[in-house]
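What you see below is based on every heavy atom in this structure, not just the backbone, and it leaves out hydrogens, waters and symmetry mates.
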Amino acid sequence: MHQHAFAPQCAAEESRHRTTGIRNPRLTLLALALGTFAIGTGEFGSNGIIQLFSADLDVSLPVATYAITAYAFGVVIGSPAITLLAARANRRTLLLGLIVLFLAGNGLSAVAPGIELLVVFRFVAGSVQGAFFVAGAVVAA
């Protein structure tokens with residue numbers, strides 16, 4: 001059932017791989033799995049340490065939850081925008097760029113001096129999620 005839905009994308013990827021050649025498809029799937037795990041952990045892992053956000057940034061717990069909300073807004077607003085803008089991009093380049101953006105967003109979140117910047121960086125990290133999953137599904141198929 002799902003194979004029919006992804007048939008055009010799969011055909012495009014197969015023709016691309018015939019010209020570029022994938023050396024090791026298992027390594028590709030491992031990289032996609034690790035990226036998916038990292039993004040999932042970045043999303044849900046922060047929920048368990050929200051008290052640390054609050055204490056470290058010297059804000060109340062309700063204010064600290066803005067960082068969680070910002071990630072969710074990144075998924076809802078940023079992911080569709082990135083997906084639309086990068087629809088014709090090379091999937092490998094797109095996936096690498098998305099992981100770099102995710103790492104930058106999370107790295108900057110870790111050193112954010114205040115809640116305002118933490119919210120911005122969490123939005124950036126969240127905006128990668130949907131686009132990565134869509135591009136990863138096409139490549140994996």
Side-chain angles (χ1 to χ4, degrees), residues 1-17 19-141:
M1 180 168 102
H2 296 286
Q3 291 174 341
H4 179 67
F6 290 109
Q9 293 92 343
C10 292
E13 286 298 314
E14 286 174 9
S15 68
R16 186 176 310 174
H17 293 306
T19 58
T20 60
I22 291 181
R23 292 183 204 115
N24 190 346
R26 288 186 178 168
L27 188 60
T28 302
L29 289 177
L30 176 65
L32 289 172
L34 287 174
T36 302
F37 176 77
I39 290 173
T41 303
E43 177 183 9
F44 295 115
S46 60
N47 296 340
I49 59 172
I50 193 69
Q51 294 86 1
L52 299 176
F53 289 172
S54 176
D56 189 46
L57 299 174
D58 196 30
V59 295
S60 68
L61 193 57
V63 171
T65 60
Y66 293 165
I68 306 297
T69 305
Y71 190 97
F73 276 127
V75 172
V76 172
I77 297 168
S79 288
I82 290 174
T83 302
L84 289 173
L85 292 173
R88 297 192 183 268
N90 176 293
R91 298 292 179 248
R92 180 176 184 222
T93 305
L94 175 62
L95 287 168
L96 289 172
L98 290 171
I99 285 294
V100 167
L101 187 61
F102 174 76
L103 291 172
N106 280 307
L108 292 169
S109 293
V111 296
I115 189 69
E116 298 84 7
L117 284 176
L118 177 63
V119 166
V120 170
F121 297 143
R122 291 287 295 162
F123 179 87
V124 169
S127 66
V128 169
Q129 182 175 345
F132 183 87
F133 290 167
V134 168
V138 171
V139 169

Minimum-distance pair of heavy atoms, taken over all atoms of [X] and [Y]:
X      : Y      : answer
Val128 : Leu98  : CG1-O, 3.3 Å
Arg91  : Ala135 : CD-CB, 4.2 Å
Ala131 : Ile82  : CB-CG2, 3.6 Å
Phe121 : Ser109 : CB-OG, 3.2 Å
Gly126 : Ser79  : O-OG, 3.6 Å
Leu94  : Ala89  : CB-CB, 4.4 Å

Just so I know, are the side chains of [X] and [Y] near enough to count as touching, which here means a heavy-atom distance under 4.5 Å?
X      : Y      : value
Phe133 : Ile39  : yes
Leu32  : Leu95  : yes
Ser46  : Phe53  : yes
Ile99  : Leu96  : no
Tyr66  : Arg122 : no

(Q) Going by side chain to side chain contact (heavy atoms under 4.5 Å, CB included), name the residues that satisfy it together with Phe73, two or more places apart in sequence or in a different chain. (A)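 By the side chain to side chain contact (heavy atoms under 4.5 Å, CB included) rule, Phe73 matches Thr69, Ile77, Phe123.
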
Q) Do the side chain of Ser127 and the main chain of Val75 share a donor and acceptor less than 3.5 angstrom apart? A)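 Between the backbone of Val75 and the side chain of Ser127 there is no qualifying donor-acceptor contact (under 3.5 Å).
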
Q.
Listing request: all side chain to side chain donor-acceptor pair (under 3.5 Å) pairs with a residue in residues 132-141, at least two apart in sequence or in separate chains.
A.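 Checked against side chain to side chain donor-acceptor pair (under 3.5 Å) - neighbours excluded - no pair reaches residues 132-141.
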
Atom [atom1] of [X] and atom [atom2] of [Y]: how far apart are they, to the nearest 0.5 Å?
X      : Y      : atom1 : atom2 : answer
Asn47  : Ile68  : CG    : CD1   : 4.5 Å
Leu101 : Phe132 : CG    : CZ    : 12.0 Å
Glu116 : Leu118 : CD    : CG    : 9.5 Å

